[in-house]
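Presented below is the structure to which this report refers.
So you know, we letter chains A, B, ... as the sequences are listed, proteins then strands, and number each from 1. Being a predicted model, the structure only gives us computed values, none of them experimental.
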Amino acid sequence: MAKDITTRLNDYSQWYNDLVIKGNLADHSSVRGCMVIKPYGYAIWEKMRDALDKMFKDTGHVNAYFPLFIPKSFLSKEASHIEGFAKECAVVTHYRLINDPNGKGVIVDPTAKLEEELIIRPTSETIIWNTYKTWIQSYRDLPLLINQWANVVRWEMRTRLFLRTAEFLWQEGHTAHATEKEAVEETEKMLHVYAEFAEKWMAMPVILGRKTANERFAGAVETYCIEAMMQDGQALQAGTSHFLGQNFAKAFDVQFLNKEGKQELVYATSWGVSTRLIGALIMAHSDDDGLIIPPKLAPLHVVIVPIYKTADDLNKLYEKVKPLIEQLKAKNISVKFDDDETKRPGFKFAEYELRGVPVRLAMGMRDYESGTVEVARRDTKEKSVQQFEGIGNYIETLLDDIQTNIYNKAKAFRDSNIREVNTWEEFQDTIENKPGFISAHWDGTAETEEKIKELTKATIRCIPLNNQQQEGKCVYSGKPSKERVIFARAY
RNA sequence: CGGGGCGUAGCGCAGUCUGGUUAGCGUACCUGGUUUGGGACCAGGUGGUCGCGUGUUCGAAUCACGCCGCCCCGACCA
């Protein structure tokens, strides 16, 4: 058991906080609700960002950057959109500070009031569609496939590191299309990009689905999502993709001339994932000893801990592993030789386990003499002694094994915690006593959905895509239903 | 934003109820030495506007009021 980490069983929330802070991913800042992402945590984000960015480029998107500030009037143009965000907007009202006449630092200059307040973007649909209006005239300007990497601000009541902070980093894709069909295809395509990223890179299985009207993005016609299960059985929305229909085109009057020479409103999509994914990554895989990071996102893949008595021994060990370090680097496997003499090996072992480094090599003089090395894998904590000869290739394979194993483990956990439930009694019992997802029939009404939420705190996470159609009765109202939906308590 | 808890060295805490020496303890950190195959040991040392502000008092970490921050539980959300 790692020092100073609360166990998952004891207090899951505290365990999460311990991992974020003691794993050196992030800290609370002195600004309410805002975090400092530390270098190790940011390195994970960079890996996520690079992988996603490549996937976006490969699907034909380009990056651009739009302003942080949004004139208040823009946000008012799409009614349901503003309704969704109004309660959590930061507003800039002034543009100058002056010295406090009472000599206590600076105060806001009351004469420097903005004529129109600026909203710090909670999302960028409005400023972007205001801009797209000037870029789109003809069908030849379409589709417009743009992504932006940015920070956004949502003034949250209650914050948690990575999962919900007032400011966070994300990407938001905003596309414009000539036809509804094409826009819907784009929405679904990007959902699949997210799902692939979650499963292949994060080693986190997800359920692809549609949101109910209640859970839909403000301003969207249809919201798609990927939902992941955390180790406490709660759901976490890991990404969303929205079909916005012509809502924003109407609000910002974005029309194009089609081939027949007629003006038409364009169709829109938007899609995003955020630094919240780091929270998902932690809660999906890690254990009571610390972080478990899948190799594809790990900032450091391999650490080599030398065990030695003299400087001479250390030097011998270094000379021995030097070619291996070169070999691994050539394979794009990051490796660190930890020759810090102020810490003993046991301390280092625990420290790298806390940080989730996938593979640890330990080599002492006994190994040196016998041509072996101790290999420890973080995901299972298994240790084995291997021949040093050819260890580079062994590690390369091992990293792939670890990536696969982490995914399989998460998937087995997820699958064994989705339960089909058919009666209301069973539903209540399951949600209270068996953490996980519930697959149940729903009558399709917002009233039932809200009632269930009120009674159990469970919400409909999604209506799975390609859902099997089957006749059934709503688990709450008993009214007829054609398919099961996923219920869960959620982050 | 509502209820509860907390804020004293980088971290974890005692002291606060019942105001009064120089504010302690563990850990971390620094120096020297011995160590090194799972979080070393000995010795010496550094580090504090007691969350911030105002007040009560001869005197405040301690009492009062206000504010800020964090954690847990609710409402809201990605």
So if I take every side-chain heavy atom of [X] and compare against [options], which nucleotide ends up nearest?
X: Glu156(A); options: rG37(B), rC77(B), rG39(B); answer: rC77(B)
X: Lys309(A); options: rG38(B), rC76(B), rU36(B); answer: rU36(B)
X: Phe168(A); options: rA78(B), rG39(B), rU36(B); answer: rA78(B)
X: Asp367(A); options: rG37(B), rG39(B), rC71(B); answer: rG37(B)
X: Arg360(A); options: rA78(B), rG38(B), rC72(B); answer: rG38(B)
X: Glu374(A); options: rA78(B), rG37(B), rC71(B); answer: rG37(B)
X: Phe347(A); options: rC76(B), rG39(B), rA78(B); answer: rG39(B)

Taking the six-membered ring for Trp and the full ring for Phe, Tyr or His, determine whether the centres of [X] and [Y] are under 6.0 Å apart.
X: Phe248(A); Y: Tyr132(A); value: no
X: His81(A); Y: Phe217(A); value: yes
X: Tyr40(A); Y: Trp45(A); value: no

Rounded to the nearest angstrom, tell me the gap between atom [atom1] in [X] and atom [atom2] in [N].
X: Lys343(A); N: rA40(B); atom1: NZ; atom2: P; answer: 11 Å
X: Arg216(A); N: rC77(B); atom1: CZ; atom2: P; answer: 15 Å
X: Leu161(A); N: rC71(B); atom1: CG; atom2: C1'; answer: 11 Å
X: Leu314(A); N: rG37(B); atom1: CG; atom2: C1'; answer: 15 Å
X: Gln14(A); N: rC71(B); atom1: CD; atom2: P; answer: 9 Å
X: Ile5(A); N: rC11(B); atom1: CD1; atom2: C1'; answer: 14 Å
X: Asp338(A); N: rG38(B); atom1: CG; atom2: P; answer: 16 Å
X: Lys22(A); N: rU27(B); atom1: NZ; atom2: P; answer: 17 Å

Take atom [atom1] in [N] and the same atom in [M], then report the distance between them in whole Å.
N: rG48(B); M: rC41(B); atom1: C1'; answer: 29 Å
N: rC70(B); M: rA43(B); atom1: P; answer: 41 Å
N: rG24(B); M: rG47(B); atom1: P; answer: 13 Å
N: rA75(B); M: rG2(B); atom1: C1'; answer: 9 Å
N: rC72(B); M: rG32(B); atom1: C1'; answer: 47 Å
N: rA60(B); M: rG19(B); atom1: C1'; answer: 6 Å
N: rA61(B); M: rG51(B); atom1: P; answer: 10 Å
N: rC68(B); M: rG53(B); atom1: P; answer: 15 Å

Any N or O donor-acceptor pair linking the side chain of [X] to the base of [N] at under 3.5 Å?
X: Arg344(A); N: rG37(B); value: no
X: Lys348(A); N: rG37(B); value: no
X: Arg164(A); N: rC77(B); value: yes
X: Glu351(A); N: rG38(B); value: no

Heavy-atom neighbours of [X] [atom1] exceed 12 at 6.0 Å:
X: Glu46(A); atom1: CD; answer: yes
X: Tyr318(A); atom1: OH; answer: no
X: Lys38(A); atom1: NZ; answer: yes

ask   = Considering the options Phe427(A), Tyr476(A), Phe437(A), which one meets the ring pair (Phe, Tyr, Trp, His ring centres under 6.0 Å) requirement together with Phe487(A)?
value =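 Single pass found, and it is Phe427(A).
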Determine the contact category for [X]: base if any of its heavy atoms lies under 4.0 Å from a base atom, sugar-phosphate if only primed atoms, P, OP1 or OP2 are that close, otherwise nothing.
X: Leu163(A); value: base
X: Gly279(A); value: nothing
X: Thr165(A); value: base
X: Lys383(A); value: base
X: Ser274(A); value: base
X: Glu227(A); value: nothing

inquiry  = Taking Glu353(A) first and then Arg360(A), would you say they form a salt bridge - that is, a charged N and a carboxylate O separated by under 4.0 Å?
reply    =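 Salt bridge present between Glu353(A) and Arg360(A).
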Which nucleotide, if any, forms a Watson-Crick or G-U wobble pair with [N], using both distances under 3.5 Å?
N: rC1(B); answer: rG74(B)
N: rG47(B); answer: none
N: rU21(B); answer: none
N: rC52(B); answer: rG66(B)
N: rA40(B); answer: rU34(B)
N: rG10(B); answer: rU27(B)

message = Please compare Ser13(A) and Glu341(A) by the position of their nearest nucleotide in RNA chain B and report the one closer to 5'.
response =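 Counting from the 5' end, the first nearest nucleotide belongs to Glu341(A).
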ask   = When the nearest nucleotide of RNA chain B is assigned to Lys453(A) and to Phe349(A) on a heavy-atom basis, which residue is associated with the more 5' position?
value =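 It is Phe349(A) whose nearest nucleotide is closer to the 5' end.
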request  = Examine rC70(B): is either OP1 or OP2 under 4.0 Å from a nitrogen or oxygen in the side chain of Asn17(A)? Give yes or no.
outcome  =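 The answer is no; no side-chain N or O of Asn17(A) sits under 4.0 Å from OP1 or OP2.
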key: Donor-acceptor pair between Glu117(A) and Thr93(A) side chains, under 3.5 angstrom   =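 Side-chain D/A pair, Glu117(A) to Thr93(A): absent.
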